[in-house]
2 protein chains.
Amino acid sequence: MRADARRNHDQLLVAARAVVGEHGAEASLREVARRAGVGLGTLYRHFPTRDALLEGLLRTEFDALAARAAELGTAASPREALVTWLREGVAWTVEYRGATELMVAAIEDPDSALHASCVAMRAAGTGLLTRAQEAGAARADLDGTDLFALISAMAWLGAQPALAPRADHLLDVVVDAVCAPRS
Amino acid sequence: MRADARRNHDQLLVAARAVVGEHGAEASLREVARRAGVGLGTLYRHFPTRDALLEGLLRTEFDALAARAAELGTAASPREALVTWLREGVAWTVEYRGATELMVAAIEDPDSALHASCVAMRAAGTGLLTRAQEAGAARADLDGTDLFALISAMAWLGAQPALAPRADHLLDVVVDAVCAPRS
DNA sequence: ACCTGAACACCGTTCAAGT
DNA sequence: ACCTGAACACCGTTCAAGT
């Protein structure tokens, strides 16, 4: 890759992080290009879809979550590992308001730039869930997709200003439900 | 109101119901006006905001939900009344994909055209919840806003194509959590 | 009173023309 | 190779002009 191309690529990601932080995942792509000091066509050359651009932002975070799951898998009790990871996953997802819908859509769309990262994250959660289930510390009738769905829904909830004040408490309720051994 | 104004008003609602059904709550207002055979300014005269237009569509449904709560309050056991209403509330909310965000925003914005309807719906749910709590059939650490939030989040989940297949099951999990007497 | 549609300031996306 | 920005087809919203 040519030096100028690489610089543009990097500046686009920097600008995107700022703009998405301010306006959410539906932020204007024109504004990203503007802020990066780059033509609009250059943005499309580097990131042909909005997903591709977000993937550039989120990949490192996804990887961190998967790594965290591996760490918890050995460092904590099955129940505590699962609960901690659930809470951290929700907290992290709330940060990217608007990205939750994209994440959810990407998990069943193999063509999405976010697909691989989503699948990896689900796999990490599945590991923790299975371990907790084997220890009798989580409901047996849940799978990794359910966990992913619950994290997404609670993150959506936390991103709604009107509901955010109760989000932590409601997450407690859901965590209780996930960890109830019966059914 | 003049006869032509009334006819335009009604046709706008008919068109809006169709267009929102097809494209969700973010549907193009231009398309609504087009489909109603009406100038764009006429739409804005009758419904000055998008909320006002949606309110026209949703008010009857909100009222039905409140009435349903009253009915269940006398016809069913406290637990069953709450659970049935929760399920029906989620099922109904899923129908209006995209409207969930608006509903949630409206409940704390007194200027929203949807505000009164949202508050009434929350009040109806609060009645059922309180009754169930007094019967020891629901967690004591939940209030009407929590119920509203959980309904919204589960409706959001059900509206995501990738998660919809598990939505019913996850609602069961949440219902179990709401009805767990402890904590 | 009520209606219309042009006008304005924005989008996302594509692509001919430049270096 | 890579970049630019005009062009196209859309938005939401406002408002002067018409009946």
Side-chain angles (χ1 to χ4, degrees), chain A residues 1-57 97-99 101-102 105-106 109 111-114, chain B residues 1-58 96-99 101-102 105-106 109 111-114:
Chain A
M1 189 185 278
R2 248 166 49 178
D4 56 344
R6 162 132 308 272
R7 217 192 48 230
N8 284 337
H9 182 94
D10 294 346
Q11 275 172 337
L12 278 166
L13 281 179
V14 169
R17 197 171 296 273
V19 175
V20 168
E22 284 169 34
H23 300 102
E26 304 294 314
S28 157
L29 298 182
R30 261 186 170 79
E31 167 119 18
V32 173
R34 246 187 323 254
R35 195 107 50 123
V38 141
L40 195 45
T42 303
L43 186 152
Y44 276 91
R45 161 173 281 271
H46 286 280
F47 303 101
T49 67
R50 183 180 224 100
D51 268 22
L53 179 57
L54 286 164
E55 205 267 348
L57 292 183
R97 60 207 161 95
E101 275 88 350
L102 285 167
D109 173 14
D111 296 333
S112 162
L114 284 169
Chain B
M1 190 187 275
R2 248 163 53 174
D4 57 343
R6 164 133 305 274
R7 217 191 50 230
N8 283 338
H9 182 93
D10 294 346
Q11 276 173 337
L12 278 166
L13 281 178
V14 169
R17 198 172 295 274
V19 175
V20 169
E22 284 170 33
H23 301 103
E26 304 294 313
S28 158
L29 297 181
R30 262 186 167 78
E31 168 119 18
V32 172
R34 248 189 318 258
R35 194 109 48 126
V38 139
L40 195 45
T42 304
L43 185 152
Y44 275 91
R45 159 172 282 272
H46 285 282
F47 304 102
T49 68
R50 183 181 226 102
D51 268 22
L53 180 58
L54 287 164
E55 205 268 347
L57 292 182
L58 303 187
Y96 288 81
R97 58 208 162 94
E101 275 89 349
L102 285 168
D109 174 13
D111 296 334
S112 163
L114 284 169

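Every value quoted in this text rests on a predicted model; they were computed, and no experiment measured them.
- The nucleotide whose nearest atom lies closest to any side-chain atom of B:Arg2 is, among C:dA1, C:dT4, C:dG12, C:dA1.
- Atom CG of A:Leu13 and atom NE2 of A:His46 lie 10.0 Å apart (nearest 0.5 Å).
- Between A:Asn8 and D:dC2, a side-chain N or O to OP1/OP2 separation shorter than 4.0 Å is absent.
- Checking the phosphate oxygens (OP1, OP2) of D:dG12, a side-chain nitrogen or oxygen of B:Arg50 falls inside 4.0 Å.
- Place A:Thr42 and A:Glu26 on DNA chain C by their nearest nucleotides, and A:Glu26 ends up nearer the 5' end.
- For A:Asp4, taking side-chain heavy atoms from C-beta onward, the closest of the listed nucleotides C:dC3, D:dC3, C:dT14 is D:dC3.
- Backbone-only engagement by B:Ser28 is indicated by non-hydrogen atom pairs under 4.0 Å involving sugar-phosphate atoms exclusively.
- Residue A:Arg45 places its side chain closer to D:dC2 than to any other of D:dC2, C:dT4, C:dG12.
- In this structure, CZ of A:Arg30 is placed 11 Å from C1' of D:dC10, rounded to the nearest angstrom.
- Looking at the side chain of B:Leu40, the nearest of the listed nucleotides C:dG5, C:dC2, C:dG12 is C:dG5.
- Using a 4.0 Å cut-off between a side-chain N of Lys or Arg and a carboxylate O of Asp or Glu, B:Glu22 and B:Arg35 qualify as a salt bridge.
- In the set C:dT13, D:dG12, D:dT4, C:dT13 carries the atom at the smallest distance from any side-chain atom of A:Leu29.
- Residue B:Ala3 is classed as having no contact, given no heavy-atom separation below 4.0 Å to the nucleic acid.
- If you check every strand for non-hydrogen atoms under 4.0 Å, B:His46 touches sugar and phosphate atoms only.
- Atom CZ in B:Arg34 sits about 9 Å away from atom P in D:dG12, given to the nearest Å.
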